[in-house]
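Notes follow once the structure below has been shown.
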Protein chains: 2
Amino acid sequence: MAISASKPATAPQIDDTTLRGFIGYTMKRAYMVVRNDMHRVLAEHDLRVTTFSALCIIAENSDLTQTQLAGALKIERSSVVVVVDELEGRELISRNRVEGDRRTYALRITLKGRRLFERIVEEAKQHENALLSDLSDAERETLFGLLKRVENSAS
Amino acid sequence: MAISASKPATAPQIDDTTLRGFIGYTMKRAYMVVRNDMHRVLAEHDLRVTTFSALCIIAENSDLTQTQLAGALKIERSSVVVVVDELEGRELISRNRVEGDRRTYALRITLKGRRLFERIVEEAKQHENALLSDLSDAERETLFGLLKRVENSAS
DNA sequence: TATTGTTATACTCTATAACTATA
DNA sequence: TATAGTTATAGAGTATAACAATA
């Protein structure tokens, strides 16, 4: 055995030039890394990504409707129901009746919800910082800016 | 009615500052745009994203094994089976027996597969160009570079 | 024993469509 | 008629785990 490598020198040297040339694929691979990291943070609090995203929006927009939430998250209203059910079931938000239009709910974060929200934001920011530790502040801003411009170029 | 807007001036003005502050969310939204665009291109050829990704890898790495393909795409070997079945069923690639190790297949793109591969690459590149038309060449390179650095910082 | 490919299964995420109650 | 929220269902997409053939 001695010093010989566990795998031959001609190990899998796979060429992915074409695939990596697509912004979609390169973005997917980077996104998976970032998403997995966020998963780890949220799993500790038994939350899914979309559920936490909804909590963020409700935290900053008291008394918004489910339809508004759907618009902000760019998901269907029917998907919002599941998410809001979950947040309400855990007493992180409340559904409040609105005078004048009994069809809609005013979503509002609870004290318990705000505490969890603030705690997770802090944890997630720390994880994000570690993940982006390789990038300078200027580079992080550049990345955010470029991503937003790509998003806004949607046909 | 006249010139009055169809929606009130105090229309849904949702604040998503915190959520947008996370690189994961901003990346997700940008990725969705790019992915949907690619979906449209591939749907015309009845291909899914991962299936086309596999075709790219096989096109550039003749006679690779399914395990190598799984490694390159960062997906499970069991998932590769489905993808390779689909590509083989459409005669875009072939599974070839290997002398010396009858457990493995050598995956190879067919002529038909190469023609489709080259055609889709061209179409996808055009779509990508349109999608990134807002970005200069330098900015595109910057985006690719930053994304790769984020990916490589995986814990 | 370890590895390649396979199968069966289950799980997550989200959309679609049909419904209700209100407006 | 139109809108908010709801329900049931279905479809991607992928992973997990157990397995057969081969090394």
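Here is the naming used below: chain letters follow the sequence lines, and residue numbers restart at 1 for every chain.
No hydrogens or angles considered: nothing links the side chains of B/T17 and A/E60 as a donor-acceptor pair under 3.5 Å.
Judged purely by atom type and a 3.5 angstrom limit, B/R149 uses its side chain to pair as donor or acceptor with the backbone of A/D134. A donor-acceptor pair under 3.5 Å links the side-chain atoms of A/K125 to the main chain of B/G21, judged by distance alone. For the pair A/N96 (side chain) and A/A106 (backbone), a donor-acceptor distance under 3.5 Å is present.
Nearest-nucleotide positions on DNA chain C place A/V49 closer to the 5' end than the other of A/G100 and A/V49.
Atom CD in B/E88 sits about 13 Å away from atom C1' in C/dT6, given to the nearest Å. Rounded to whole Å, the distance from CD1 on B/I93 to C1' on C/dG5 is 13 Å. Look at CE on B/M32: it is 11 Å from P on C/dC13, rounded to the nearest Å. Between A/Y25 atom OH and D/dG13 atom P there is a gap of 15 Å when expressed in whole angstrom units. Between the P atom of D/dT14 and the CZ atom of A/R35 lies a distance of 9 Å, rounded to the nearest Å. If you measure from atom CG of A/N36 to atom C1' of D/dA15, you get 12 Å, rounded to the nearest angstrom.
Contact annotation: B/H39 does not reach the phosphate of C/dA15 (side-chain N/O to OP1 or OP2, under 4.0 Å). For the OP1/OP2 pair of C/dT14 and a distance below 4.0 Å, the side-chain nitrogens and oxygens of B/K28 include at least one atom meeting the criterion. Between A/R48 and the phosphate of C/dC13, there is a side-chain N or O to OP1/OP2 separation shorter than 4.0 Å.
Between A/Y25 and B/A72, the closest heavy-atom pair is OH-O, 3.7 Å. Across every non-hydrogen atom of A/L19 and B/L73, the tightest pair is CD2-CD2, 3.7 Å. A/V121 approaches A/F52 most closely through the heavy-atom pair CG2-CZ, 4.1 Å.
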Please write out each protein N/O paired with an N/O of nucleotides 3-6 of chain D under 3.5 Å, distance rounded to 0.1 Å.
from	atom 1	to	atom 2	distance (Å)
D/dT3	O4'	A/R103	NH1	3.4
D/dT3	O2	A/R103	NH1	2.8
D/dA4	N7	A/R77	NH1	3.3
D/dG5	OP1	A/Q66	N	3.1
D/dG5	OP1	A/Y105	N	3.2
D/dG5	OP2	A/Q66	N	3.3
D/dG5	OP2	A/T67	N	2.7
D/dG5	OP2	A/T67	OG1	2.7
D/dG5	N7	A/R77	NH1	2.6
D/dT6	OP1	A/R95	NH1	3.1
D/dT6	OP2	A/Q66	OE1	3.1
D/dT6	OP2	A/Q66	NE2	2.8
D/dT6	OP2	A/R95	NH1	2.9

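For A/E151 and B/R20, the salt-bridge test passes: some basic side-chain N is under 4.0 Å from an acidic carboxylate O.
Less than 4.0 Å separates DNA chain D from no heavy atom of any residue of residues 53-63 of chain A.
Other residues, nucleotides and ligands contribute only 12 or fewer heavy atoms inside 6.0 Å of the CZ atom of B/R119.
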